[in-house]
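Nothing here was measured: the structure is a model prediction, and the numbers come from that model. Below, chain A is the first sequence line, B the second, and so on; all start at residue 1.
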Amino acid sequence: MGWSDWTGSENLKAIVRHTLHCTAAVLSFMWVSWLVRIGVGEGLLKACIENVERFVLVVLFLVFLFNIGYDLWKEILRNVKSSPLVFS
Amino acid sequence: MSNLAHSSFRNEARLYLLYVVAGAAAIPAGIVYAVLVATGWERWWTVVPLLAVGLGTALFAWRYVEKKYLGKRFAPAVPAIPAAYNVQGSAFGLRAVGGITVAASFVVFCAEVPNRPYIDQANSSGQGNAFIASLDVD
């Protein structure tokens, strides 16, 4: 069994889609945060908004990893079920 | 724009919207994190549970919006059995038949199929086989 048996083209497509949309969402949040920071000006509130943005970006990255793992896990299970090791 | 391209665009927008919803759901935990940082309580044992809470709310919001507003992640190509029965039944005004039919089919599947013939020749003295045994007497 090769690497392609464990991932598959469908999964690669899903990974690309998740990467694109997660990046788009991250950029959107960064843009909104930048706009709010411009409106707020200097001060403690600006630092708080930066920290909220940082936290949200980390959570989005974790959600991205979760979704990738979810899709990969399903594909791996499907391939293991149909693999020659099981049927031999 | 063709139908296929339109549906593809809708799928792409859907995934982007789900990511935005997940990020927005993590904002309350992010505010708590910002307060912790501002008060100097930023430690790993405060940040890691907050991250877990943020991830949990983000995934919950993802699932909620997906099911409530955007439909399921993988729609089945073939309708489920109850749906199929209801579609047939609704033509005759029998919408409630689907559930009953499915329940009955489960009962049939779960019922124990006897592994021996009804006529037990080796046990002719049993009450259940008395009539059959008497046929062999003549």
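If you chain together hydrophobic residues whose side chains sit under 4.5 Å apart, A/Val26 and A/Leu20 never meet in one group. Using a 4.5 Å cut-off between side-chain heavy atoms of Ile, Leu, Val, Met, Phe, Trp and Tyr, with links allowed through other members, A/Phe66 and B/Trp62 fall into the same hydrophobic cluster. Hydrophobic clustering, with ILVMFWY side chains joined whenever heavy atoms are under 4.5 angstrom apart, groups A/Val36 together with A/Trp31. Linking ILVMFWY residues whenever their side-chain heavy atoms come closer than 4.5 Å, directly or via other members, places A/Val58 and B/Trp41 in the same cluster. Using a 4.5 Å cut-off between side-chain heavy atoms of Ile, Leu, Val, Met, Phe, Trp and Tyr, with links allowed through other members, A/Val32 and A/Ile38 fall into the same hydrophobic cluster.
For A/Ala47, no part lies under 4.5 angstrom from a heavy atom of chain B. Only the side chain of B/Val37 comes within less than 4.5 Å of a heavy atom of chain A; its backbone N, CA, C and O stay farther away. For B/Tyr16, the parts sitting under 4.5 Å from any heavy atom of chain A are the backbone and the side chain alike.
Between A/Phe64 and B/Tyr19, the ring-plane angle classifies as tilted under the 30° and 60° cut-offs.
Note that CG of A/Asn67 and CG of B/Leu15 are 7.5 Å apart. Values are rounded to the nearest 0.5 Å. To the nearest 0.5 Å, atoms CG (B/Leu59) and OH (A/Tyr70) are separated by 11.0 Å.
The shortest heavy-atom contact between A/Val52 and B/Gly30 is CG2-O, 3.5 Å. Between B/Ala34 and A/Cys48, the closest heavy-atom pair is CB-O, 3.5 Å. Scanning all heavy atoms of the two residues, the minimum distance from B/Gly23 to A/Val56 falls at O-CG1, 3.7 Å.
When each of B/Ala38, B/Ala29, B/Ala25 is checked for heavy-atom pairs under 4.5 Å with chain A, B/Ala29 comes out on top.
Of residues 44-54 of chain B, those residues with a non-hydrogen atom less than 4.5 Å from any non-hydrogen atom of chain A are, in numerical order, B/Leu50, B/Leu51, B/Gly54.
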